[in-house]
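Okay, here's the structure, questions in a sec.
Letters go in sequence order (proteins before strands), and every chain restarts at 1.
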Number of protein chains: 2
Amino acid sequence: MPKVGMEPIRRAALVKATITEIGRTGSLDVTVSKIAKRAGMSSALAHHYFGSKEQIFLAAMRHILTLYGAEVRGALAAADGPEERLRAVVRASFGSGSFRREVAGAWLNFYVLAQTQAEARRLLSVYQRRLRSNLLHGLKPLIGERAEVVAQGVGAMIDGLYIREVLKGGTPDGAAAASLVWGHLRREMGLKA
Amino acid sequence: MPKVGMEPIRRAALVKATITEIGRTGSLDVTVSKIAKRAGMSSALAHHYFGSKEQIFLAAMRHILTLYGAEVRGALAAADGPEERLRAVVRASFGSGSFRREVAGAWLNFYVLAQTQAEARRLLSVYQRRLRSNLLHGLKPLIGERAEVVAQGVGAMIDGLYIREVLKGGTPDGAAAASLVWGHLRREMGLKA
DNA sequence: GTTTATGTTGATTGATGAGTCAATAAACTT
DNA sequence: AAGTTTATTGACTCATCAATCAACATAAAC
């Protein structure tokens with residue numbers, strides 16, 4: 001059975017399993033064995049590739065950030081003008097890549113992780129800066145100096161919607177969340193359309 | 001040393017120590033021994049009074065909710081008219097009782113707890129319903145049917161600000177957070193003053 | 001002043017889980 | 001074909017903790 005070149009496959013499987021497992025149980029209290037089992041291997045192998053549980057968690061966080069980044073880039077590519085760009089950012093935040101149940105559940109738990117692990121905190125701040133900068137770029141040309149405050153508020157609103165999504169069970173409704181935020185943004189801008 | 005009538009004192013000390021400990025370490029991964037030590041007793045005594053770690057956590061959650069409730073009631077008492085009431089609700093959310101570092105830190109972790117414990121989930125939904133209803137009561141007379149959406153958005157924004165507060169270290173600035181939310185609310189309403 | 005209820009803890013148990021290691025096997029290298 | 005690197009796991013170690021218990025101490029009740 002043993003083939004060569006397994007490393008990237010195993011790593012990817014573990015990352016995916018980690019997100020699922022954290023999302024499912026709703027806590028960081030997942031064992032390496034559980035994760036490994038879900039990924040179809042022994043816990044020893046998980047340690048072999050990642051060295052520690054901590055590293056597994058961080059890889060999972062990085063993966064979610066990568067997903068989110070890709071989603072934003074994709075949405076922005078087809079956007080023209082500040083308003084369109086804003087809309088794209090909001091839509092991407094609640095796109096199917098980031099706003100799925102397990103992913104959002106894992107995300108909340110990574111906030112907790114960030115309180116104790118420096119690298120996790122760093123990753124989280126990367127996300128926050130990126131979101132803030134994306135919002136600002138769209139808002140500045142439209143509302144000038146007030147952009148700062150609005151971006152802060154809307155950023156917090158997005159984070160809050162993630163939390164609420166995780167809490168209430170069932171399938172997440174990204175479209176509803178996006179339109180809620182978009183409505184607020186529209187009113188914050190000139191009330192157009 | 002042993003006197004009679006210790007129970008309420010011990011319970012209160014444990015609840016307080018729990019909030020501090022969770023806030024400090026930034027996770028639910030606190031041992032009963034640590035909590036008990038901070039509260040000045042043995043872990044056996046903590047179990048004697050609460051029966052289990054789970055019950056200790058829930059008592060701490062209830063206490064935070066009680067604090068928050070008191071803060072809101074206090075602020076509302078001195079408020080006249082819908083706008084004043086709204087302002088009171090926002091101010092209370094970021095008041096010194098609820099928005100202190102350890103309390104907010106514990107709060108975030110209780111969100112995590114709510115994903116696995118039914119009673120914690122129930123408590124959290126009590127908070128959410130209360131916040132929503134408070135906002136609605138203030139908003140309905142001012143903006144009618146749009147109140148629903150605005151309350152949802154502002155509620156999420158408040159939760160999001162808690163998270164961000166916990167993440168960024170240092171002393172929390174409740175006044176800044178409150179004025180941010182209040183600014184959004186003012187714009188959502190008629191833009192007055 | 002003996003019984004009873006309350007307060008208190010050190011020591012112990014039992015479970016759980018992260019990380020290590022030695023051993024096995026298949027694939028590449030020379 | 002001998003040697004090396006990569007893949008893989010079961011069994012083990014070691015630490016941590018929640019929960020329990022037996023024992024003791026003080027206060028209240030009778």
Whole angstrom is fine here: how far is it from CZ in A:Phe57 over to P in C:dG17? 12 Å

Closest listed nucleotide, where the reference is the side chain of B:Met6 and the choices are C:dG19, C:dG7, D:dT20: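 Nearest listed nucleotide: C:dG7.
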
Compare the minimum distances between each of D:dT20, D:dA7, D:dG10 and the side chain of A:Ala44, then state the nucleotide with the smallest one.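 It is D:dG10.
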
Classify the nucleic acid contact of B:Thr31 as base, sugar-phosphate or nothing, counting any heavy atom under 4.0 Å across all strands shown.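 Result for B:Thr31 = sugar-phosphate.
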
Whether B:Arg10 contacts C:dT6 is assessed here as follows: a side-chain N or O lying under 4.0 Å from the phosphate OP1 or OP2. Is that the case? no

Walking DNA chain C from its 5' end, the first of B:Gly5 and A:Lys53 to be reached, judged by nearest nucleotide, is B:Gly5

Proximal nucleotide (of C:dA18, D:dT9, D:dA7) relative to the A:Glu7 side chain: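 Of the candidates, D:dA7 comes closest.
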
Rounded to whole Å, how long is the line connecting atom CE of A:Met41 with atom C1' of D:dG10?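 Whole-Å distance recorded here is 16 Å.
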
Figure out the NE2/P separation between B:His48 and D:dA25, and round it to whole Å.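 Distance check: B:His48 NE2 to D:dA25 P gives 17 Å.
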
Within the structure shown, what part of the strands sits under 4.0 Å from B:Phe50 by heavy-atom distance: base, sugar-phosphate, or nothing?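 Since no nucleic acid heavy atom lies under 4.0 Å of B:Phe50, the category is nothing.
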
Send over the distance from A:His47 NE2 to D:dG10 P, rounded to a whole Å.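 A:His47 atom NE2 is separated from D:dG10 atom P by 15 Å.
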
Evaluate A:Val30 against A:Thr18 for side-chain contact (heavy atoms from CB on, under 4.5 Å), listing each step before the verdict. CA-CA 8 Å; A:Val30 294; A:Thr18 302; 5.6 Å; no

Using a strict 4.0 Å threshold on nitrogen-to-oxygen distance, state whether A:Arg62 and A:Glu119 make a salt bridge.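 Between A:Glu119 and A:Arg62 there is a salt bridge, with a charged N closer than 4.0 Å to a carboxylate O.
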
Pairing of B:Glu148 and B:Lys140 as salt bridge, 4.0 angstrom limit: no

Using a cut-off of 4.0 Å on non-hydrogen atoms, how would the nucleic acid contact of B:Ser52 be classed: base, sugar-phosphate, or nothing? sugar-phosphate

Is a salt bridge present between B:Glu165 and B:Arg100, judged by a nitrogen-to-oxygen distance below 4.0 Å? no

Find the distance B:Lys37:NZ to C:dT8:C1' and express it as a whole number of Å.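 Between C1' of C:dT8 and NZ of B:Lys37: 17 Å.
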
Quickly work out the A:Glu21 CD to C:dA18 C1' distance and round it to whole Å. 16 Å

Rounded to whole Å, the CG-C1' distance (A:Leu14 to D:dT9) equals 14 Å

Counting only side-chain heavy atoms from C-beta out, which of D:dT8, C:dC28, C:dT6 sits nearest to A:Leu45?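 Taking heavy atoms from C-beta onward, the closest nucleotide is D:dT8.
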
Expressed in angstrom and rounded to an integer, what is the separation of B:Asp29 atom CG from C:dA18 atom C1'?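 Taking atom C1' of C:dA18 as the reference, CG of B:Asp29 is at 13 Å.
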
Ionic contact status for A:Arg87 with A:Glu83, cut-off 4.0 Å: no

For a quick test of reading the model: is some side-chain N or O of B:Tyr49 closer than 4.0 Å to OP1 or OP2 of C:dG7?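 Yes, B:Tyr49 has a side-chain N/O under 4.0 Å of OP1/OP2 on C:dG7.
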
